Number of protein chains: 2
Amino acid sequence: MATGRNHRPANRSRGIPEATVARLPLYLRALTALSERSVPTVSSEELAGAAGVNSAKLRKDFSYLGSYGTRGVGYDVEYLVYQISRELGLTQDWPVVIVGIGNLGAALANYGGFASRGFRVAALIDADSSMTGKQVAGMAVQHVDELEAIIDTNGVSIGVITTPGGAAQQVCDRLVAAGVTSILNFAPTVLTVPDGVDVRKVDLSIELQILAFHEQRKAAEELAAEPAAGLAAPGLPAPEPGAARRGQDPDGDLPVVMPA
Amino acid sequence: MATGRNHRPANRSRGIPEATVARLPLYLRALTALSERSVPTVSSEELAGAAGVNSAKLRKDFSYLGSYGTRGVGYDVEYLVYQISRELGLTQDWPVVIVGIGNLGAALANYGGFASRGFRVAALIDADSSMTGKQVAGMAVQHVDELEAIIDTNGVSIGVITTPGGAAQQVCDRLVAAGVTSILNFAPTVLTVPDGVDVRKVDLSIELQILAFHEQRKAAEELAAEPAAGLAAPGLPAPEPGAARRGQDPDGDLPVVMPA
DNA sequence: CACTGTGAAATAGTTCACAGCC
DNA sequence: GGCTGTGAACTATTTCACAGTG
């Protein structure tokens, strides 16, 4: 890293790669499972297996955090759990609000994985007055009129949006104006936010579409490979360019309805 | 691309970058919205804005599909909708099964975004006998004993797992054995699958953890910047290395409970 | 003449492979 | 002897910038 010597403070400076950050929760989960089984140490190989990555990547990732392992031995499970938790900011309490208590909002409110990692659902908020006061996951749903007050009182900096697409930007604006600086968006909408506000998007139908792409590809490859090779031919079957093209639909009227 | 001339079949050969595939659904959604408003053509700049990417990236992405634009004009909305849909395999019908009809499974069953893009929920499956026959999203929940028969009868190749983590691998194995080759996994578990099976993972708590990381970072930067600059100082405040380190928690007992 | 399509440059991320340490 | 930590090589992705074209 530093061009010259490998004097100490090479890493740990600043700027953990985004790809690494995205994997830290994975490692944390695997480590937590080991911790519960009272496993004292783990090698990069073992941990990588449990987290579903390869060991070189894992070691590289950890090298951005510091030198937390012991050569010849591996990593101390408890110590790593602590270090990663701290790096991710999970040693503090994060109050979150969920806006939009439909099916998905309710599912999230009930989701154990939130509460178990320092995230506390501070409020459930919905615009529908008939929802107000209803109990969901043991909490009373509050009306969206209260949004600003709730954010303020609870010091909320993370908001989860599970409204229909049409309401998402509006809700987002209010959250941001009230002081929220991180948003997890489940609505099928591109949110516009000022600089300094983070948005992460989870889109269920996008994930399926990506799967469909690969699924189609697989089907096409099978067709291309079958005439030439047997059933279990390994390696790339080098499909003809254009083999994936399907029978040219009569005319393109496809399902193009926007989800709510 | 081809080293020599730019004779035709440079792109369109095979291998659309994964990153591009992941964005196609985004473009498709933006285009669908334009289509509904009967907008005939769109420039890369406009479409990129609507999809939340920059225009160079969008043009590069489209160049992998082919030359579907018109210089000086832009892209024909309907034509692009069709081409992207075809590329993603959405011109055909994809029956999917959802296994694990808890809160999240029910939310997905009700989610409009699935049905609207060629995905058809063929069955809802749960291991709990007391769920069997219950109506969810207008369908009767079926018992997991029927899993293989359902997959087979409906020609299902995509499965969605919304079970608790402990059941996920087992369900996954059965899905794969029954012929499913693409899995969308919502359970907090790393699934092991044979070659040729695709798994995509959606993990709600991971997304929050990533947000928390950045949130913490922001808080630290603010602290570092405040003594020096005013409230609204733009640009990078060039925080001191190490500034992000927090007050060293007393000792690491953190919330380390695994979600179900 | 506005806007696409794309090489080439820049940046980010992954994997290799091995020196160094316990 | 086993296993980490990390430069260096490689691969993927993004961005630039501009030639080409309807």
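On a predicted model such as this, the values are computed, not experimentally measured, just so you know.
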Counting only heavy atoms not in A/Gln170, do more than 12 fall under 6.0 Å of its CD?
-> no
Spacing between B/Tyr75 atom OH and C/dA2 atom C1', to the nearest angstrom | 13 Å
Given D/dC3, C/dT14, C/dT4, the nucleotide with the shortest approach to the side chain of A/Ser43 | D/dC3
Of all the nucleotides listed (C/dC22, D/dG5, C/dG5), which has the minimum atom distance to the side chain of B/Ser67?
-> C/dG5
Distance-only donor-acceptor test, A/Arg71 side-chain atoms vs D/dT4 base atoms, 3.5 Å | yes
Taking the six-membered ring for Trp, are the ring centroids of A/Tyr68 and A/Tyr79 within less than 6.0 Å of each other?
-> yes
Think B/Tyr64 has a side-chain N or O under 4.0 angstrom from the OP1 or OP2 of D/dT13?
-> no
State which of C/dT4, D/dT6, C/dG13 makes the closest approach to the side chain of B/Ser44.
-> C/dT4
For D/dC3, does OP1 or OP2 lie under 4.0 Å from any side-chain N or O of A/Tyr68?
-> no
Would you indicate whether the side-chain heavy atoms of B/Gln169 and B/Leu191 approach each other to under 4.5 Å?
-> yes
In whole angstroms, the gap separating C1' of C/dT14 from CD of A/Glu18 amounts to 16 Å
B/Lys57 side chain, from C-beta outward: closest of C/dG13, D/dG5, D/dT15 = D/dT15
Ignoring backbone atoms, test whether A/Lys60 places a side-chain nitrogen or oxygen under 4.0 Å from the OP1 or OP2 oxygen of D/dT6.
-> no
Just checking B/Gly74: base, sugar-phosphate only, or nothing, at a heavy-atom cut-off of under 4.0 Å?
-> sugar-phosphate
Do A/Thr32 and A/Glu36 have side-chain atoms, one donor and one acceptor, less than 3.5 Å apart?
-> no
Considering just the side-chain nitrogens and oxygens of A/Arg59, establish if one lies under 4.0 Å of OP1 or OP2 belonging to C/dC16.
-> no
Should B/Asn54 be listed as having a side-chain N or O under 4.0 Å from OP1 or OP2 of D/dT15?
-> yes
